[in-house]
Every structure is written in C-alpha cells, then in structure tokens.
Amino acid sequence: MATPSESSDSPSNQKPESRDASVLIDTVDVLQNGSGTNVVRRKLTGFVGFSNLPIQWHRKSIQNGFNFNVMVVGESGLGKSTLVSTLFNMPLYPPRSEKRPPAEISKTVAIKSVSADLEERGVKLRLTVVDTPGFGDFVNNEDAWRPILENIEQRFDAFLEAENKANRANIVDNRIHAVIYFIAPTGHSLKPLDIAVMTKLHDKVNLIPVIAKSDILTDEEIIAFKARIRADLDYHRINLFETPRYEVDSDETMEEKTTIISKIPFAIVGATSEVTTPDGRVVRGRKYPWGVVEVDNEDHCDFLKLRAMLVKNYMEELKEYTNEILYENYRSAKLMAMGVSQDQSVFKEVNPAVKQEEERALHQAKLLKMEAEMRMVFQQKVAEKEQRLKQSEDELFARHREMKESLDKQRRDLEAKKAQIESGRIYMSTEEKSRKKGFSLRS
C-alpha cells in the first residue's frame, strides 16, 4: 500500500483513475451481491488517500482539544490533592491556609470539583478533578458512598438529557471517566468501607485502586498487601479497568500492558517538590533521614505505571469505555425503568406467518402466565382460609376445654357441698335420736 507521502498531485505520483475505480467497483459489487457477512479484501493498485484519516483526525483533535474528568476518593490525609498535582506536573489546588474549625461539623460527604486548561506540545486538555472531602471521616460511614454515587449518576442523567434535546451540537461531557480510589497503607487488607464503596461504584465508573503513601511499607509488605487486596477484589467480584488489547500491538506494547496490569493496585508516592539525591541528582520525591524516595523511579513506586494507564497510554480508552459500556448500560437501564424500550421489529422484515406465530406464542405465554397467577392466588386464598379455619378450630377447642374445666369445677364444688350437707343431716338425725331417748328415760 502506498504511503501518505505519495499524496502529492504531481503527474509522476498519479495512477490511472479508471484502474483504481474498477477495483473499487468490483469490491462494491461483491459486497452488494453477497450476504452482507463476508468482506472481500483486495490490495489497491494505487494510492487513494484514506490512509491519511489518522492525520485528519489528529488535525481535528488538535483544533478541538480534549477533556478528561477524574474523581479521587479516599480518606483525608492520604495525599489525593498531592497525587493529582504530581500526575499533571502543576498545582491544581490553591495553597492551603490554616482554617478555624467550623462551629458545626458536616455529617455528609462533600463533592467539590476544580477545572484547569492544560496544554502540552500544542495539545489542549480540559481537566476536571472531582474531590470528595469528608469521605471516611465520620464515626458512622455506612452511607458514605451515597453522595459519590449520586453525583456520578447525576452526571449521567445530565448527559442523557442533553442527548434528548433538539440541538445536540454543543454537548458538554461531564461524565466521570475514571475514579482513583485511595487505599490506606495499613498492610492488612481492604476495610469494609473500601469494599462497600468499590462494590457500589465498579459498574458505574472505571475504577483504579491505588495504595496511598506506600513509602511507609517495605517491598515485602507491599507485595503481600497487593495480593490480599486482589484476593478481596476477586472474592467480591469488583471489576477494575483493564488495558485493552489490539491486534496491531507490538510485543513490547503487550509486555508493557501485562506489566501495568500486574502492578494493580498501584503503590504510589506523591510529591510536587524537588529534592537532591546523595549522588547529586535533582528529582521529585520525598527526603527522609534514611534516604530519598523518588516519585519517577519505578524501583521506588508505581507512579509511572499509574500515569501510563491514566494519562499517557489509555486516557482515550477510559473515555471510550465510559461512553460505550458504562454509560450505555446506565442509559438502557434508565430508559427501561421509564418504560421506554426498543422495538426490534422496526429493523427487520416482517413475515406475516412468522408474526402471527410470534403473536400466538406471546398470547399463549400470556395465558399461561395468567393461569399460573390465578392458580397461585387461588392457592394463597385456600391457604389463608385453611389457616383461618384452623385458627377458629383451635379457638373453639380452647373454649370447649375452658367450659369443660369450668363445669368440672362446678360439679366438684356441688359434690363437695352435697357431701357437706349430707354429713350435716346425719349429725342432726343422730342428735335428735339421742334427745328422744333421753325424754323416754325421764318419763
């Protein structure tokens, strides 16, 4: 195939148009007369020009610029702001000043965003960083994930609403393209809060977990900590963003992708200041009494691998996966919940016999469903009636037992009184006889 450099209009570089046209026409005929599933590949005999499409796309992209929205989630003090500033080599946040503690402490997670227009080698980037101050700082963090998820879904809803408007020329993409989740360097395993939040977010955003301030852990502790985190993620089926694979990737690129995936979760160190190493080099890092931790040294942390995934190599893939997979899943679920569904019959030819058979099958299925529902309702009512009858029977038996016990008690009382009366009569008759005998003796 000819190279783009052959696009010159000079006569020496031009080929007969009739020959190129015949090749293209033959290919089109094959595609039209075929079933539509087979594609005929033919080698062009001359330069056409569509190999310059990447150049055209590059020119258009340079003109329009790019945008990227990233959210950082993690507890306070894990270096979220520092890492973002380190990633883009510029301070995105204003310098912090000492603030007095507020009179009332907020009980919810706040959502704050900061945007910046960046430019590197003529490429413009509109960067928006969404921070979540207050996350994990409360005694009860049971619903700490809710404001974060609501903000992500609100951005999806805003984009969906903009798509449904008549004028869609200037739609602003405010959807979150990636979430960097900061894990505290405990060295043990994921906290219940970490698992709960990532479980709620992993099907809405591209999730990228990082171990914050990893310089407080030894290399052995980091390896063991990563293994436990990956085991927790696998057990709870939390999906993370994975680098895509293309057929045109070289062996070196494939090896780099494998290395990046093996480093997840990334053990990172953030630093915006420069320090001098013992050998005299000036690097970005942190200086300790025992030595210097270099941010841009892969032997010290995984910062370069994180930047390669997030910015250098796969920023466009993050946006593409957000748009084509995550947003489409949310959009479909949202429309289905609103009662809007796609009628697939619009896109296919209708066969009356097949259509009638489908309707008959649907009607039969509907009848079976109604029959099953009626049977279930009937069985439920029978069960309720049996339960009421059994309850009434139990009540009657209990009342009969109480009445019987009461009658038995009355009978026993009457018998006791009868016995008492009879014993009194015997005593009275004996006394009368003794009195009569006494009178006869005196006479």
Side-chain angles (χ1 to χ4, degrees), residues 36-37 39 53-54 57 60-61 64-73 111 113 115 125-130 132 145-181 195-209 233-234 236-249 257 260-261 264 309-348:
T37 58
V39 178
L53 282 174
W57 183 260
K60 179 182 177 181
S61 300
N64 298 334
F66 301 88
N67 76 302
F68 188 64
N69 307 320
V70 59
M71 176 181 284
V72 290
V73 180
I111 305 294
S113 62
S115 299
L125 175 66
R126 176 74 173 182
L127 175 67
T128 300
V129 180
V130 182
T132 56
W145 54 268
R146 194 177 300 278
I148 300 172
L149 183 62
E150 289 176 353
N151 183 266
I152 294 172
E153 292 182 345
Q154 286 172 3
R155 292 170 181 267
F156 278 162
D157 292 336
F159 193 85
L160 177 60
E161 182 180 356
E163 278 188 329
N164 293 330
K165 291 182 178 179
N167 184 8
R168 303 188 300 175
N170 299 316
I171 297 180
V172 179
D173 185 7
N174 289 324
R175 296 169 297 181
I176 299 299
H177 301 132
V179 168
I180 305 177
Y181 188 83
I195 296 173
V197 174
M198 287 193 281
T199 301
K200 296 292 183 180
L201 299 183
H202 77 105
D203 59 345
K204 297 291 192 303
V205 291
N206 294 307
L207 196 59
I208 303 176
L233 294 175
D234 292 339
H236 293 281
R237 298 180 180 179
I238 298 175
N239 300 322
L240 306 179
F241 174 75
E242 293 187 1
T243 56
R245 300 179 183 273
Y246 303 107
E247 294 181 359
V248 296
D249 288 341
K257 291 182 179 181
I260 291 176
I261 293 175
I264 298 174
M309 171 183 278
L310 191 67
V311 182
K312 181 181 176 183
N313 296 345
Y314 303 109
M315 178 182 286
E316 195 62 28
E317 278 77 3
L318 286 165
K319 296 174 61 177
E320 182 179 342
Y321 189 81
T322 299
N323 181 59
E324 297 182 0
I325 304 299
L326 300 174
Y327 170 70
E328 282 300 319
N329 292 340
Y330 178 83
R331 176 179 173 275
S332 299
K334 187 81 173 181
L335 294 178
M336 291 293 290
M338 295 169 60
V340 180
S341 60
Q342 180 65 58
D343 186 4
Q344 298 297 332
S345 62
V346 177
F347 304 99
K348 63 181 181 181

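The first residue of the sequence shown is numbered 1, and numbering continues consecutively from there.
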Undergrad: What's the spacing between Leu149 CG and Lys204 NZ if we round to 0.5 Å?
TA: 5.5 Å
Undergrad: Excluding sequence neighbours, so at least two apart, what forms side chain to side chain contact (heavy atoms under 4.5 Å, CB included) with Ile325?
TA: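 Here the qualifying residues are Tyr321, Asn329.
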Undergrad: Hey, are the side chains of Phe68 and Leu318 touching, using non-hydrogen atoms and a 4.5 Å cut-off?
TA: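 Contact flag for Phe68/Leu318 side chains = yes.
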Undergrad: Heavy atoms only: give me the nearest Leu233-Leu240 pair and the separation to one decimal.
TA: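 Minimum heavy-atom contact is CD1-CD1, 3.6 Å.
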Undergrad: Shortest non-hydrogen contact from Met309 to Tyr314?
TA: O-CB, 3.2 Å
Undergrad: With side chains defined as the heavy atoms from C-beta onward, is the minimum distance between Met198 and His202 less than 4.5 Å?
TA: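 They are not in side-chain contact.
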Undergrad: A side-chain contact here means heavy atoms from C-beta on lying under 4.5 Å apart; do Thr322 and Ile176 qualify?
TA: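 Side chain of Thr322 against side chain of Ile176, heavy atoms only: no contact under 4.5 Å found.
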Undergrad: Just verifying a value: how many Å separate Thr128 OG1 and Met71 CE, rounded to the nearest 0.5 Å?
TA: 11.5 Å
Undergrad: For residues Leu310 and Ile180, determine if any side-chain heavy atom of one lies less than 4.5 Å from a side-chain heavy atom of the other.
TA: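 Yes - at least one pair of side-chain heavy atoms lies under 4.5 Å apart.
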Undergrad: Compare every heavy atom of Thr132 with every heavy atom of Val73, then report the nearest pair and how far apart it is.
TA: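 Closest pair (atom of Val73, atom of Thr132, distance): CA-OG1, 3.5 Å.
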Undergrad: Hey, what do you get for CG (Leu326) to CG (Leu201), rounding to the nearest 0.5 Å?
TA: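 CG of Leu201 is found 11.5 Å from CG of Leu326.
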Undergrad: For Thr199 and Ile238, work out which heavy atoms get closest and say how close.
TA: OG1-CD1, 3.8 Å
Undergrad: Find the distance between CG (Asp157) and CD (Glu153) and round it off to the nearest 0.5 Å.
TA: 7.0 Å
Undergrad: Any side-chain to backbone donor/acceptor pair from His177 onto Val70? Under 3.5 Å, distance only.
TA: no
Undergrad: For the residue pair Lys319 and Asn67, establish whether any side-chain heavy-atom pair is separated by less than 4.5 Å.
TA: yes
Undergrad: Could you pull out the closest heavy-atom pair between Ala178 and Ile208, with the gap in Å?
TA: CB-CD1, 4.4 Å
Undergrad: Using a cut-off of 6.0 Å, state whether more than 12 heavy atoms not belonging to Glu242 lie near its atom CD.
TA: no
Undergrad: Would you give the length of the straight line joining atom CZ of Phe156 to atom CZ of Arg331, rounded to the nearest 0.5 angstrom?
TA: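 Spacing of CZ (Phe156) from CZ (Arg331) equals 12.5 Å.
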Undergrad: Closest approach of Val172 and Phe159, non-hydrogen atoms and distance?
TA: O-CD1, 4.0 Å
Undergrad: Can you confirm whether Val205 sits close enough to Arg155 that some side-chain heavy atom of one is under 4.5 Å from a side-chain heavy atom of the other?
TA: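 The answer is no, as the side chains (C-beta and beyond) never meet within the 4.5 Å cut-off.
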Undergrad: Going from OH on Tyr330 to CZ on Arg175, what distance comes out if it is rounded to the nearest 0.5 angstrom?
TA: 12.5 Å
